[in-house]
Structures are given as C-alpha cells and as structure tokens.
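Read through the structure below, which is laid out as structure tokens, and then see the notes.
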Amino acid sequence: MSVNEVTWQPKILVFACNWCTYAGADLTGLSRLQYPATVRILRVPCSGRINPQFVLKAFQKGVDAVLVAGCHPGDCHYTTGNYFTRRRFLIMRRLMEYVGLEPERLQARWISAAEAPKFQQVITEISEQIRALGPNRKLRDEEWKI
Amino acid sequence: MKYAYFPGCSLATTGREYDMSTKEIAEVLGIELWEIPDWNCCGASSAHLTDYRLALALPARNMAIAEEAGLDVAIPCAACYARSKAVEAAVTSSEETREEIEEIIERKYSGKSKAKALLDIMANDVPESLITKQVVNPLKGIRAACYYGCLLVRPLNTGFDDPEDPRSMDKLIKVLGGETVDWAYKTECCGASHPTTKRGVGFQMLDRILANAKEAGANCLVTACPLCLNNLDMRQGQVEKAYQKKYGLPVYYFTELMGLAFGIEPAKLGLNKHFVDAMPLVQEVLKLKSGRESA
Amino acid sequence: MKRVGVFVCHCGTNIGAVVDCPQVAEKAMDFPGVVYSVDYKYMCSEPGQEMIKKAVQEHRLDRVVVASCSPRMHERTFQRCVEGAGLNSYFVEMANIREHCSWVHAGEPEKATEKAMDLVKMAVAKVVKNKPLQKATIPVTDRALVIGGGIAGIQAALDIANAGHVVDIVEKEPSIGGKMAQIDKTFPTLDCSACILTPKMVEAASHPNINLLTYSEVEKVEGFVGNFDVTIKKKARSVNMDVCTGCGLCMEKCPKKVDSEFELKMSKRRAIYTPFPQAIPNKPVIDRENCTYFNTGKCGICSKVCPAGAVDYTQEDEYLTRRYGAIVVAIGFELFDYSVIGEYGYGKYPDVITGLHFERLVNASGPTLGKIKRPSDHKEPKNVVFIKCVGSRDPAKGKSYCSKACCMYTAKHATLVREKIKDSNIYIFYMDVRTPGKGYDEFYNRTREQYGANYIRGRVSKIYQQGERLIVRGEDTLLGRPVEIEADLVVLATAMVAQPGAGQLAQKLGIGYDKDHFYTEAHPKLAPVETHTQGVYLAGACQGPKDIPESVAQASAAAAKVCGLLSKREMLTEPIVSEVNESICAGCGMCVAICPYKAIELKTISERIQGQTVERQVASVNGGLCQGCGACTVACRSAALNLKHFTDQQILAEVNALCL
Amino acid sequence: MEDLTLVLRRTAKEILEKGEAQMVIGWEKGAFWYSSTSAFISKPEDTERLIWDEYCVNNLAKYLLDYRHKEGKVAVFVKGCDSRALNVLLQDKQLKREKILIIGLACPGMKDEVEARKLGRGSSIPLYKKCRECRYPNALNYDFFIGEDKVIKEIPAQDDFSEVQALESLSPDEKYNKFVANYERCLRCYACRNICPACNCRECIFDRTASGWSSKANNVSENMFFALTRALHVAGRCVGCGECERACPVNIPIMLLNKKIIQDINALFGEYEAGTDVTAKLPLGGFEFTDPEEFM
C-alpha cells in the first residue's frame, strides 16, 4: 500500500487495556468529547498482554504511530500487569528511537477509566504530532528510499 | 544579605517614615539595600486600569535592572510588591508575554530575580536570632493589631503567608518582645482611595477596622502598606468625628517598631511624623525599659 | 473457510446519524470470510437478536460480528444470542462503532464511516480466528466477607446470613454502627437513629451466621471470585473478649482522659473505652497510644479493678486468613476536613462546626445530653446559621460532586433547632435545595413554613469572630444585596469524601476507584452494586455520597448478588485463560515469575527423545487461578503460551487487517 | 600458552579415564593456522587432539544443550565469556549444573581470525574487538581452574558504550539509514541465533511460520523485525560474548543493538551484568514498583 502524500491521513493504532483505557475511551464517547478519527483502538485484556512484537508488526504493516495505553501503576485489575508493560516499553521505546523511529511514533500513556478528558487530549496531541511528522516510511514492507 | 531596593513613589512622599525606618533597620541588621538606579513608578492601580502591557512593562523595567545586577528585590509597599509579583508571574508563565515585555523595555527580564515583600524578608529570610540579637528596647507595653491589608497576602502575591489568616507580622512583633492581639479584620480592605473620594463608603470601612482593633484590646495598629497607614492614621480623626467615637490608636510601620526595638532614635525613624501622635506609646516603651533598668 | 455474518447497528440515531451504516454493511461483504452483511436499527433489541439467529440458520454462518456499541456493554448479550442460535458463545466479536466512533467523530461523518469499516474489518479478521471455548467451573466457598460495619455493612450481612450463608463483618473501629451511630434523628421521619440502628446491630451480633471482627482491618486479599484468601489483622484489644462481661467498671476507674473521636473531641473518654454506650460488642478496648501503662509501665488500674480479670496487656495483633466466596465493601465515607480552607474559620473558631458535630450536640447521649450548646461557652445559641455545599459542588476545593444528603439533613437540623430552642432564628445559606426522595420535599417545606427557617439563596464569603458572636458575611442573590448575620453558632454541611484508606483497600481488592477515591461500580445504571472484579460488590457511601435509605437499598442489592453467587457450589468462569503448548515450552520458568495470580507452575513430564525416555519440565497453567491477563504470553519468548480468545494469531490478524 | 595445552590434554585424559565425564568438549586445530574449532572427545587417547591457543574463540557452552539428555556428565572448557554464557543457560533452566563438569581458564584474549587471514602468519595480529574490551577474562563458575597463575588482573572499569552513544547522537533518518544499510545484507541464515547461548528456545518462532509472527520473505522489513525481536528476546540475558557478530556471514554489527539495551537496562534499572550471578533475577523477568515513570 504505497503512501500518497495528498490524501494521506494519519493511521494510529492504540492498544488499550480493557479495564482502564478502553473504558476511558468509552467514557470519552459517553461524554461526547470529540477527537480526530485517525485512531483505531485494539482491545486487550491488560497492557501486560501487549507484546512489543505486535508493535513491530504494526509498523511493518504501515501504521504511522502506536499508542500503548493501560491503567495507572497500582490500579491494574490484575494487580501488577502494567508494571511489566512499563519496564518493557521503557526499553522498547529507547530501542526504536535508537534505530531511527521518531519518538512520537511510539508512545505509552497511563489513562484510567475515569480520565476521559485525558484520553481525548492524548489522542488529539498524538494525532497532531503525527500529522506534522507525515506518513511513516520506516520498518515498512516497502522499499526505503530517502 | 544584599537586595536591590525599590522604594516606590509612596516612600518618597507620604510614606517617608517607612523609607527612613527601613534604611535604618537594614543598616543595623547588616542588610545591604542597593536602591535601583533611576527606578520608575510601578504603575500601581492607575496603570492596570489603562493598559495591560503598560501595567506589566513599568514594574518589569525595575525588575530587569535588578536582574542585571543579579539581585532579588526588596519592596516595602504592598501595591508595588503586587505589581512586581504580577509581572514576574506573567513573564515566567508565558514565553510570548516575556518576549513582548522585553521588547517594550528593551532589556532582558526572565523573572530569575524574585520580587520579595520587605515583610517577607524580615519575617522569613532574616534569621530570628539576628533580630533578637539587635533588640535593645523590647517592645513591652505594645499590644498591636497587625493589619496586613487586602493586597499583601492575597493569592497572586502570596507564598510567604496564609491569605486567610496571616501571621508573619504577628511573629515579628513577638520576636521584638511586643504583644499582638488576635482580631478578625487583618485582611479587610481599608477602603484604599474611597476615604478620599467617597467618604461615606471609605469611613465606614475604616470605622469597622478601628472598632474591631479597639475591641480586640489593641493599643496600636501595625501595617506594612503606606496607603493603609495613610487611611488609618490620617483619617482616624475624621472617622472619630463622623462616628462620635474615640479610638486614639497610633498606627506604625512594622519597620518603625523594629527600629524602636533596636534602640534607634525615634526621630530618625520618622516616629514624629504621624497624625495620631505616635510618641506617647513610644515613650512608654522607653520608660518601661529604663524603669526596668533602674529598678 | 469461515462463513462470517456482519450486523451493523444504527443504535437508533446514536450511530446511524454519523456513520453510514448501509455503506459499512455493504463494504463488509468485501472482507475475507464475510458471506452475509446487513444493517439494522437496534441489533440488541429482541427483533435484532432474532435477525441474527435467523441469519445463522439460513446462511449457515459460523462466526458473527456485531458492529454496535462497546463490548463492555453488550458482549454478554450477543454471546448469549449466538449461543441461542447454536453457535459457541465465543464465536462473536464486536466492533465498537459508537463510543469509539460515531459519538466522538460527530463532525466528520465520512471519516467516521471509513473508521467504522476499519473496525469491522479488524473484528472480522479476529473472529475468523476465534476458537470454540467452554466455560470452566470453579468451586465457590460458601462464606461472605463484609468490609465495614456501618448500616450498609450490617444490612448486607443480615440479608446474606438470613439466606443461610456464613458472613464475617470486619470493622476497623472497636464497635459496629458506623456514622449512623453518631446521628441523632433521621429524615424524613425524624425517628431516632439509634432506635432503628441498635436493633439491627444486636441482631447482627446475635445472628448465628454472622461473626463480628471489630477493631480489625483487611491486610491482604489474594485469589479470585469464589476463592478469595483474605488476611485479616485483628488489632490487639488488650481485653479478653470471652471473659469480659462489659460491666464498665474499668472505664469508670481509668484515670486517663482522652478526646473522644466518636464525640468529635467535644467530650472525653477514657484510655480504656467503648466508643458509645450502645456499642456492639459492648466490650472495651485499650487505646495503647494514650494508656499510661503502655507509655510508662505504671498504672494498671483497669486490670486491678476488673472483676473478671479480662484485661490482658500482653495481647498481640492477630493475623488470620480465611477463604471467602464473595466480598461486600461497605466502608462508608468521611467528612471533608474543611479546616484546610480558612474562609469560614472552621478549626479556628470553636463555634463553627460541621453537621456531625451538630448531630452529637443535639443527641441525647451526646456531650451536651441533647441540649444545643455552643462548644465555646456552652451557652444556648439564639441565631443559628447553616451553610450548605461547603466543599461540595466546588471544583476549586477538589470536590466537584454534590454530596446528596446535606440538603435533607440540614433541613432536619433546622427542625431540631426550632424544636429545642423556641425563640431561635435559623438561617440557611444555600445554592439549591435538593429533595430527591419520598416525603423529602414535604419535609423541607415544613421546615420553611412551620419551623420558620429563613432560606437565603447565596454563598457565604467570610466568617469572623467579633467579641462573643460570629459575623457571617454572605449575599442574598434573590434580593441582590449583601447580607450580614451575627450568629451564635454556624453549622457547615461539609462534603462527603471517601474514607482516607479507600485507595489502598481498592488496590488490595483490585477494584477501580475514581478521582475522588469513591469506588467505581461496574456500570452506573446496569450494575450499580457490582465492581469490575467479579465477586466484589459495593454498598453504601463508599461507592459515592448517599443517604441511609439508599445505602440500605444498595446493601440488600449487594446481598442479593452475593446470595446469587454463594447459592451455587460451583460457578462458571470465563474460559479466557492461558494455555501451554508443551511441545514448544522449554521450561525456562519466565512465565512462573510473572504471573500475578501464581497460576503457573513447572511440572515434570516424561517424553521419548532420540529413543530415550527423558524427564523434563514444562509450564502448566491452573485454569481456575488464571484470570486471563496475558502477561505470561509476552514473557514467553517461544510463544508456547497463548491466551485463549486473545491469542497472538487473533491480535496479529487485527493488526494486519488494519493496514492491508 | 604452549604448556597449558599439555595441562589441558592431561586433565581431559584423566577425566575420561576416571569416568568423571563421558565426554569432554574443547578445541582442536582447524583447517587453517588461524582457526581452532570445537572438539568432542569421548575416548581418552583422542585427547591428544585438544589444544589451547590464541584462536580458541568458539563459545562451547551452547553445545551442552545437545548432550543434556546424555547419561552421566559432560566436561567443558570455558573462557570468561563462555562461563557467563553457561550461567545464562543455567538461569534459563536449560542445563542441570550437576550434569556438567566445568573446567575454567583465564583467557588472554583471542586473535581476530579475519585480520589473521589478511595479515598472514608471522605478523602481529590484533585481538578481537570484544576481547580488547572484555571485562571477564577469567572463568567465573567452574569445578576446577587451569592456569591459576595466568589470571588476568587489569580489567577495564566498565563496558565501552562509545559506539552506541555515537549512533544515538545521529538524527532519526541517519540512524535509520545505518540500520537499513546493515540489515539489507541479512540473509536470515539465523547463524546469529544458532550460536547465541541466550537463544535457547526448543522451537524458535522464526522457524514456525504458523505462529504468524514472521514470513520467510528476505526483505529489509522482515530482517529488521527479526533483528529487533531477537534483541528484545535476549535483553537482560546477552552476556556480550560477541559470537553473533563473529558468526554473521555478512558482518552485521549485531552487538550494537544488544549493547544499547544493556546500556539502557543499567541506566533504568541499575547495573546488571548478565551471567555473572546464577541466582540473580533477570531484569526483564520481573519488575520493581519503583521503576522510572515516563508514561504518566
């Protein structure tokens, strides 16, 4: 799927944990807080379920940015799931930046089920950052020409 | 301890004794006050009534000069302090405002040098031990109602005291050996310009403050703002006439009482320049002191 | 190849107004696997579900995708629906095109429609990989735990016990009763709080199925629904409960006087004390912080005078662990400490008090034996000012919500002042008067008409002491002018806030809580007494500010839920658990360390390798303990572990579908 | 190092004769003067083939996996890096300590084979880069040690992350260009995985396309997915033995990824030297409540 500059819209994949961020996104809907339609939310039971390899695969398949989102440490429905996520993605984010991916393209945030405004604000913020950065060409299936 | 010193227009005119006493006690305490060269008026209420940028640029220029000398600024008058703190807050919180102001005053001003109320310095920065060491005449016989006014401790300027129940001046007076009374009108407005322009409103506000102080058993008022002192001191006679009451409460600057405690000659502190005669209470303090010594 | 049916819901206009549902349904036909696709006004309705069932028969569908609202809302509904059509209930996936699409992209219909298509495409890609799953059964321990011994906790315990189940009540204070024990009268009937509470307390204490664990706290909670292993810390009472007869002699003789928390420090209690006369259990506790014996080693009078020799200074804190099938959390509320904000001088002026102080003053067993007296000089007040919404509905003070019960109890207080002080003047500063219950508004009107309370609509800006009296400065917005009242007594209706320890307890239980630390119910409308953690239920003010009738109603509701759970020896559990592919597992044990529920252990298996029978270790998942978080699947490098219903293949399919 | 070879042979012979182990894994001279390959000796007389010279760079630890179900014990010679590798295998529960007889050596650093081939015999040949920076030349975990006197004293204080930091300072596109330039060459021969002691899965996800993780396509994107995934899999367990780089037929600087992760783990979760303590908790095998917080 080649990238057409003119009609390009940012495509952002959000891995959202079912108990907090997914519920937060629902609350954002219930409160009718609008945000850009650039985001697709993928539900996982816990942020601990998000395998860094899913993130690599997403970039390979042409996603422009990935947000890993879950409960605030201590609030996890499974008590400690998000502590692993934190440790893994502290390493993962640095590794991806190290190989040349713009830091804005892989973000992780804690958003609880009550923080609808925060969900809206984070999504809007990332969407604008990615719109400014333009389409992602790195780690993709296509040939890399610079 | 070295501070840039911004006296402001009042201390050059109606608040003469505030300036005199400040300089005297600074000397005694070994605090160097470097008066900001060619300082300009802080704009007080007239500036921020006319133009927002003017109201910020005026105090900003003084603060910028102090910042160039790398000094925090000691500001006795509550209004000057409020305006300087306002520009400090505006400049540090928004990049855009800082550039705009710097362009107007053609100087760099980042808000690194802090505007400090003189009361804040004396009550919080100067170590208590340094003050007690200088006390020669403990203020026995002074039962002061500490009056902070409505501007000095309000949220924008605060940080150094509780806006609802300030105690820094009370603490200072106690350190000097005096007594303070707990009363409810510490932060009620003295009417500012009203006693001059709208007597009916202004006098009523002054009457309440004086009555409450009297009722609380105070024998004098202490303040840190030239306008408050003006109203409470100069207008006290007129209020007494208007309400057929007798208050007779001398009104001091806290710096004057500090000077008195440090044994500085009252005339040098400007204690003889008050409308409500401030000397009898001063004599009493000195008499008590000498009485103790001779007994 | 799978035969997938896609059903796009309009949800009335909630989705249909923004997302072009017919177009989405039509586009869905292009997705691999989709053989039938239709849109309809209300998929979750009876006809909607019938449509799904009919389509499954007619088009031999074996997978279903419903594009509608959040799966957190109707996943159960559609799982049961497809089960009714003969499919495995896990052969359905939902695409959230309402909360995550139409409601949040109202201004961009085309983009919302395009997004809806993507979400449907992801759901189809996932559902194609769904495997049939059967619910497993786990044992249910026939015992319930109620945390909190206030009216909500007591009511819940009684209902559960009357249904024949054993209940333990854990209460951190020496006696059950909670806040209601401090209250004098209750609205709207004005019957005395103790008269309706103490019988329930006695019933709870004497009920064969109920065990009271007072002066105790929950230390740790492990396990899961049906099998909660709760460690309870029984703080040392220094009194042997079996021997003590509750005669009270020790409390008389104890020399050490301490401010009584129950009386809000308006009167004293002894170091060995029961919080209030009708305390249950009516056996004292030694407050070790203030007891002279524990501080200096001297005294010991209580043990000397005790006829039964029940005093035992050597008693230690005791930890006991019990298994429970269900937990009801009913820890109630606390009043917002308004001394933090100086405007009203609460904490500085003794005659500025809260509603709870007033309850104690007006209570017959209170510090003033029911006579309303000013804490400062014990004189009877003539002008009494009530101020409502103190801290509530005030984001600047951090409490944005309405505390619900203050309007009614302030009206009640006004009535009581009039009854006790005939010639008093009563002023009530309010923003609104909220009387949302049966007989509430009539009660409020009576206070205005019969009891002559002056309701002043406006906020109070400052209170200060002037001589004996308190000057209350406010504004009467109806008359549009400032108001100043010289009051003898000011009563603040402060906000209801969560108990200080609520956050930690929530983390122990693994339940959610909101920004004000009130507990989050599973669904505000559909599941108000459940939490997201199966088996943990809520009752009373810990879920949000409410009055006694509502707390009792919630308590009985929670009890009904518990009885529903405990009535079965076993219960079905979600089959969403991890499973191990033993041929791939190398037995490295990374997953064992990571599992929060210790549901994985290494077991030894024997295998023939190169002609030899060899013993080696592999991971094995205990389906009962596993709660399906999936952390182990990521720790497992060789992907030997996979989480059913959220397998690597399913998630990868969703990721791939998003981008091709 | 001549005399040690004799000691080596005598030790191996005694072990086999006394039956302390059924096999001894060591090194023997390879086809060229600059290469010594691994030797698997089970008969006492064959121990004559064993040698210890400056080209015994092969990490023998991973061979033990092939003999873990053999009755009796297997003896193995380990340099510093080999013993760390062996510790990782023990931490991963892939080997039973009681089935292995470990003979430790002090490693003076091995000569760079590629340079040797270029410069020819007789000239002075530099050590491998990894040996110049090596901080654990002496075997850590052994049953007995050969060459007590040869123990190396002066050791660099910490790892050298200069290359990593140099790469970090580049702009995103420059970094990505370098990354692509390296992994364009990757043949997906998986030599790096096969030789790596930290890669000890029974069945690798890259050998199972059914797992859906990766395809066989040999394009840059799949290569990068493999490289990054492997880096994350060995994170916290890579002992820096550098065998992956040595084994790579197209000389991809694989250690650049592993060293970056080692640097970040040290910075984020505290200093951790993989394979130096068998009882230590693997950094990415758990968590701390006090981990740095960046996602608030």
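On a predicted model such as this, the values are computed, not experimentally measured, just so you know. Below, read A as the first sequence line, B as the second, and so on, with proteins coming before strands; counting in each chain starts at 1.
- Contacts of C:Asn14 with chain A are made by side-chain atoms alone, with heavy-atom separations under 4.5 Å and no backbone atom involved.
- Of the residues considered (C:Asn96, C:Thr633, C:Ile594), C:Ile594 shows the highest number of contacts with chain A, using heavy-atom pairs under 4.5 Å.
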Side chains of residues 123-130 of chain C: which donor-acceptor partners sit under 3.5 Å, not counting sequence neighbours?
unit_1	atom_1	unit_2	atom_2	d
C:Asn130	OD1	C:Gln650	NE2	2.3
C:Asn130	ND2	C:Tyr90	O	3.0
C:Asn130	ND2	C:Glu93	OE2	3.1

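- Of the atoms belonging to C:Gln627, heavy atoms from both backbone and side chain fall under 4.5 Å from chain A.
- Chain C forms the most heavy-atom pairs under 4.5 Å with one residue out of A:Thr85, A:Thr80, A:Asp26, and that residue is A:Asp26.
- When A:Leu42, A:Thr38, A:Leu33, A:Asn18 are compared by the number of non-hydrogen pairs under 4.5 Å with chain C, A:Leu42 comes out ahead.
- Using a 4.5 Å cut-off between heavy atoms, A:Ala113 does not touch chain C at all.
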Intermediate values then yes/no, side-chain contact (heavy atoms from CB on, under 4.5 Å), A:Ile123 and C:Val104: CA-CA 12 Å; A:Ile123 298 298; C:Val104 285; over 6 Å; no
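- The candidate with the highest count of non-hydrogen atom pairs below 4.5 Å against chain A, out of C:Glu114, C:Gln507, C:Met122, C:Arg98, is C:Gln507.
- The environment of C:Lys644 atom NZ is dense: over 12 non-hydrogen atoms of other residues, nucleotides or ligands sit within 6.0 angstrom.
- A donor-acceptor distance shorter than 3.5 angstrom exists from the side chain of A:Gln34 to the backbone of C:Ala106, with no hydrogens or angles considered.
- The NZ atom of A:Lys61 lies 9.0 Å from the CG atom of C:Leu652; values are rounded to the nearest 0.5 Å.
- Within a 6.0 Å sphere centred on CD of C:Gln649, heavy atoms belonging to other residues, nucleotides or ligands number more than 12.
- Counting only heavy atoms from C-beta outward, the side chains of C:Glu99 and A:Thr28 never approach each other to under 4.5 Å.
- Between the side chain of A:Arg49 and the backbone N or O of C:Phe646 there is at least one donor-acceptor pair closer than 3.5 Å.
- Of the residues considered (C:Leu643, C:Ile651, C:Asp514), C:Ile651 shows the highest number of contacts with chain A, using heavy-atom pairs under 4.5 Å.
- The environment of CZ in A:Arg32 is crowded: more than 12 heavy-atom neighbours from other residues, nucleotides or ligands sit within 6.0 Å.
- With rounding to the nearest 0.5 Å, the separation of CZ in A:Phe84 from SG in C:Cys629 is 8.0 Å.
- Contacts of A:Leu27 with chain C are absent, with no heavy-atom separation under 4.5 Å from either backbone or side chain.
- Heavy-atom pairs under 4.5 Å with chain C were tallied for A:Pro52, A:Ala114, A:Ser112, A:Pro36; the largest tally goes to A:Pro36.
- Residues C:Tyr597 and A:Tyr78 come closest through the heavy atom pair OH-CA, 3.2 Å.
- Note that CE of C:Met73 and CG of A:Leu30 are 7.0 Å apart. Values are rounded to the nearest 0.5 Å.
- Under a cut-off of 6.0 angstrom, the local environment of NZ in C:Lys220 is sparse, with at most 12 non-hydrogen atoms contributed by other residues, nucleotides or ligands.
- At a 4.5 Å heavy-atom cutoff, C:Ile576 makes no contact with chain A through either its backbone or its side chain.
- Rounded to the nearest 0.5 Å, atoms CG (C:Asn656) and CD (A:Gln60) are 9.0 Å apart.
- With a threshold of 4.5 angstrom between heavy atoms, C:Tyr513 approaches chain A through side-chain atoms but not through N, CA, C or O.
- Contact annotation for A:Tyr35: both backbone and side-chain heavy atoms come within less than 4.5 Å of a heavy atom of chain C.
- Separating the CZ atom in C:Arg72 from the CZ atom in A:Arg43 is a distance of 8.0 Å, to the nearest 0.5 Å.
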Steps toward side-chain contact (heavy atoms from CB on, under 4.5 Å) verdict (A:Leu13, C:Val655): CA-CA 8 Å; A:Leu13 175 60; C:Val655 170; 4.1 Å; yes
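- The most heavy-atom pairs under 4.5 Å with chain C, out of A:Gly48, A:Ala37, A:Ser47, come from A:Ala37.
- Side-chain N or O atoms of A:His77 include none that pairs as donor or acceptor with a backbone N or O of C:Ile511 at under 3.5 Å.
- No donor-acceptor pair under 3.5 Å is formed between the side chain of A:Arg40 and the backbone N or O of C:Asp118.
- In terms of non-hydrogen atom pairs under 4.5 Å with chain C, the most contact-rich of A:Phe15, A:Tyr83, A:Phe54 is A:Phe54.
- Expressed to the nearest 0.5 Å, how far CD1 of A:Ile12 lies from CG of C:Leu658 amounts to 11.0 Å.
- Between chain A and the options C:Lys515, C:His100, C:Lys111, heavy-atom pairs under 4.5 Å are most frequent for C:His100.
- At least one side-chain heavy atom of A:Tyr22 sits under 4.5 Å from a side-chain heavy atom of C:Ser70.
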